[in-house]
Amino acid sequence: MIKKLVNQLFLLLSLLFTLTTGYAQEGAPDLDAGKTLFRNNCGQCHARDMKSNLTGPALGGVEGRWADYPKEDLYSWIRNSQGMINAGHPKAVELWNEWKPTVMNAFQQLTDQEIANILAYIDGVYTGTYGAKTDVAGGAAVATEAPPTDNTPMLIALAFVLVILAIALARIVSNLNYMVKLQNAAPGDELPHRKTLVEILTSKGVIAFVVFSLVVLGGYTTVNNAIMMGRQQGYQPEQPIKFSHATHAGLQQIDCQYCHDGARRSKHSVIPAANTCMNCHAAIKVGSQYGTAEISKIYASIGFDPSTDTYIENYDQLSESQIEQIFKKWFADSYILEKGLLDDKGDELIETQWEDLKASLTNETKSKIQGPIEWVRIHNLPDHAYFNHAQHVTVGQLECQTCHGPVEAMEEVYQYSPLSMGWCINCHRQTEVKFADNEYYKSYERYHKELANGERDKVTVEDVGGLECQKCHY
Ligand code: HEC
Ligand code: HEC
Ligand code: HEC
Ligand code: HEC
Ligand code: HEC
Ligand code: HEC
């Protein structure tokens with residue numbers, strides 16, 4: 001009887017253990033994570049002091065302002081404010097009337113936990129409890145890599161407490177056992193043996209519990225790591241040229257598709273070749289930020305001599321020292337033009353600019369300066385997944401920013417979305433396809449009929465087959 005009880009207790013404990021380890025990842029809101037999310041997603045429109053209005057309203061105290069509605073409403077607002085405005089939600093409509101025509105971006109990829117983190121961070125800054133670390137209001141959003149959340153210490157502490165608990169319980173049960181035996185013992189019987197702590201610790205029940213817990217913990221971390229492997233939300237590598245989207249797509253308002261013209265008509269968006277840069281930089285040869293240092297890398301890659309404004313013949317055959325001569329002359333001339341003479345500082349500058357140019361255009365696998373600029377790839381789906389830009393940009397009529405975030409505000413591009421399967425699926429479940437007047441959907445007669453006679457009010461990507469495995473997997 002008691003043995004059964006012991007076993008059940010251990011089972012219960014194991015279950016408790018599994019549950020708590022499983023929940024540890026969802027835990028209390030993480031203000032630091034919220035800060036990173038806020039800075040990367042919200043900071044360019046909402047002031048960082050949470051008290052002043054910017055492009056969007058001050059967010060301090062926002063949960064209070066939404067207190068009349070269920071918590072999910074505020075979450076849906078953040079995920080898709082326009083959807084809520086269109087649906088006529090009173091609070092959403094009120095906000096829109098005050099702030100239109102400025103549209104807030106949709107953030108469908110944010111999980112409940114992430115939104116909770118952002119809201120906690122907003123509240124922390126607003127109430128001053130997250131005080132010392134706040135930033136000044138305004139300014140371009142600075143991208144920071146999301147710090148990996150590490151809950152190992154917590155897990156260890158938890159495991160420790162559970163083990164102590166298990167031992168204590170085992171001890172109690174063992175004592176009970178002993179007492180029962182003592183009671184049942186007939187007079188004259190040999191006194192029952194009372195178990196020592198070592199015996200308890202090495203008993204089957206305790207060992208089974210420890211093994212079971214280890215298996216659960218191991219399995220949990222392995223699966224988790226396997227899923228996270230290869231994913232790199234927030235990834236922001238340093239690029240060979242300090243190319244800024246904030247300058248080009250933001251300040252200069254160059255259309256994304258001017259450079260990424262593949263997005264409209266093919267699977268890939270394509271990184272522009274140096275020729276595209278030359279459309280402008282054949283004329284813009286000295287930048288206001290880095291002078292000759294960065295723009296010259298375009299020339300050295302493609303073989304353009306900025307001193308003579310000509311493309312160099314047989315550039316591919318030139319030796320490194322010949323290239324060095326051409327560009328050191330260009331650096332020197334520009335320096336003299338600016339300063340009137342070439343002093344020691346000038347010599348030093350020319351040397352560092354040349355060394356940096358060489359390092360940027362070569363790497364372990366590319367020994368020559370000549371040839372395409374090797375940008376570091378940021379977004380990368382695994383080979384077994386199929387993604388097509390034209391399908392989303394041309395057919396789906398989605399903005400680049402829906403998936404890539406506020407690129408026009410990024411000095412350096414980072415991966416904005418998780419690129420996980422859940423991310424694709426979620427959007428396919430939620431997004432209505434632009435069904436009316438879209439040639440692509442002409443063949444879906446049934447949906448057109450149902451829409452016409454009011455049987456359905458929308459068609460989502462899911463409805464047109466967007467959740468079928470083979471659409472996304474080879
Ligand atoms: C492109 C600018 C922009 C970005 C980026 C942006 N917002 Fe907004 N936000 C607005 C505007 C504008 C409004 C006012 C309503 C409207 O015009 O749609 C607003 C309103 C809100 C409101 C309602 C405020 C209230 O007083 O009830 C919340 C909450 C909110 N935003 C949260 C966020 C969060 C969280 C993020 C980042 C994940 C974010 N916003 C990113 C522009 C933006
Ligand atoms: C003047 C040309 C130019 C314009 C305009 C431009 N880009 Fe880019 N884009 C580049 C170059 C060059 C790179 C590679 C270097 C880098 O990552 O910064 C790049 C990289 C990217 C990447 C990362 C690619 C990867 O490696 O995964 C994304 C996403 C992107 N651009 C989106 C956009 C969006 C969205 C816009 C419009 C808001 C835009 N770009 C406008 C030139 C441009
Ligand atoms: C449509 C015109 C246009 C195109 C195309 C273009 N740029 Fe620019 N770029 C500009 C302008 C304008 C500036 C701002 C110049 C300044 O800072 O004075 C600039 C600035 C820069 C700077 C900063 C220079 C500095 O020192 O401040 C770099 C680096 C740069 N571009 C690289 C590139 C690269 C690489 C490409 C091709 C992928 C490219 N640009 C394509 C117009 C363009
Ligand atoms: C529906 C989401 C979505 C939209 C909308 C979207 N992209 Fe992408 N983009 C992705 C994904 C996913 C990848 C990774 C693709 C891969 O690894 O095969 C990617 C990759 C890229 C790359 C890296 C090169 C490549 O093609 O793999 C660039 C550049 C890029 N996108 C630019 C853009 C531009 C510019 C737009 C708007 C015209 C845009 N994207 C619209 C999801 C999107
Ligand atoms: C922001 C929303 C969004 C995200 C994120 C997104 N999609 Fe889509 N997707 C759409 C829309 C809208 C369409 C509708 C266009 C169409 O019908 O072809 C679509 C269509 C598709 C289709 C064609 C479906 C069909 O039945 O014709 C495929 C395949 C696809 N997406 C793959 C992906 C993959 C893979 C990812 C993740 C890497 C992804 N999508 C992420 C919005 C999204
Ligand atoms: C809308 C596109 C889409 C659909 C539909 C889809 N997948 Fe995926 N799937 C992906 C993407 C993208 C990844 C890569 C995720 C990553 O790198 O983390 C993936 C990854 C996977 C993985 C690897 C494990 C993982 O999470 O990385 C498996 C297994 C898988 N999918 C099975 C399926 C099955 C089974 C179905 C049908 C029920 C399906 N997928 C439908 C886009 C899709």
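Indexing begins at 1, ligand by ligand and atom by atom, following the structure's order. All of these numbers come straight from a predicted model, not from anything done at the bench.
- In terms of protein heavy-atom proximity, atom 11 (C) of ligand 3 is closest to Ile284 CD1, 3.7 Å.
- Taking 2.8 Å as the criterion, His248 counts as a coordinating residue of atom 8 (Fe) of ligand 3, since one of its N, O or S atoms falls below it.
- Of all atoms in ligand 3, numbered sequentially from 1 with element shown, those under 4.0 Å from a heavy atom of Thr276 are 5 (C).
- Taking every non-hydrogen atom of Gly396 and a distance limit under 4.0 Å, the qualifying atoms of ligand 5 come out as 15 (C).
- Residue contacts with ligand 2: Cys400 is placed with no nitrogen or oxygen under 3.5 Å of a nitrogen or oxygen of the ligand (distance criterion only).
- Numbered from 1 in the order shown, with element, the atoms of ligand 3 that lie under 4.0 Å from a heavy atom of Gly287 read 24 (C), 25 (C), 26 (O), 27 (O).
- Geometric assessment of Lys91 against the ring of Tyr69 yields a negative cation-pi assignment under the 6.0 Å and 45° thresholds.
- Atom NZ of Lys458 sits in a sparse spot, with 12 or fewer heavy atoms from other residues, nucleotides or ligands closer than 6.0 Å.
- Residue contacts with ligand 2 for Val407 involve side-chain atoms from C-beta outward but no N, CA, C or O (heavy atoms, distance under 4.0 Å).
- Only the side chain of Ala249 comes within contact range of ligand 2, with a heavy atom under 4.0 Å; no backbone atom does.
- At a cut-off of 2.8 Å, His392 is counted among the residues with an N, O or S atom near atom 8 (Fe) of ligand 5.
- Contacts between Gln415 and ligand 2 below 4.0 angstrom, taking non-hydrogen atoms only, are absent altogether.
- Coordination check, His260 versus atom 8 (Fe) of ligand 2: passed, since an N/O/S atom of the residue sits under 2.8 Å.
- Taking every heavy atom of Tyr258 and a limit of under 4.0 angstrom, the matching atoms of ligand 3 come to 5 (C).
- Each of Gln109, Gln233, Gln401, His404 was scored for a side chain to side chain donor-acceptor pair (under 3.5 Å) with Tyr416, with one residue passing: Gln109.
- In summary, the atoms of ligand 2 found under 4.0 Å from a heavy atom of Gln401, numbered by their order in the structure, are 38 (C).
- Ligand 2 places these atoms under 4.0 Å from at least one heavy atom of Cys256: 34 (C), 35 (C), 36 (C), 37 (C), 38 (C), 39 (C), 41 (C).
- Atom 17 (O) of ligand 3 has Ser288 OG, 2.7 Å as its closest protein atom, hydrogens excluded (heavy atom only).
- Ligand-side atoms of ligand 2 in range of Arg377: 26 (O), range being under 4.0 angstrom from any heavy atom.
- An N or O contact shorter than 3.5 Å is missing between Asp255 and ligand 2 by distance.
- Put simply, Cys424 stays out of reach of atom 8 (Fe) of ligand 5, with no N, O or S atom under 2.8 Å from it.
- Here the heavy atom of the protein found nearest to atom 40 (N) of ligand 3 is His281 NE2, 2.6 Å.
- Using a 4.0 Å cutoff on heavy atoms, Ile295 counts as a contact of ligand 3.
- When hydrogens are left out, the protein atom nearest atom 27 (O) of ligand 3 is Gln289 N, 2.8 Å; that is the closest non-hydrogen contact.
- The proximity of His379 to ligand 2, defined as any non-hydrogen pair under 4.0 Å, involves the side chain as well as the backbone.
- Counting only heavy atoms of the protein, atom 4 (C) of ligand 3 lies nearest to Cys280 SG, 3.3 Å.
- With a heavy-atom cut-off of 4.0 Å, Ile254 touches ligand 3 through its side chain alone.
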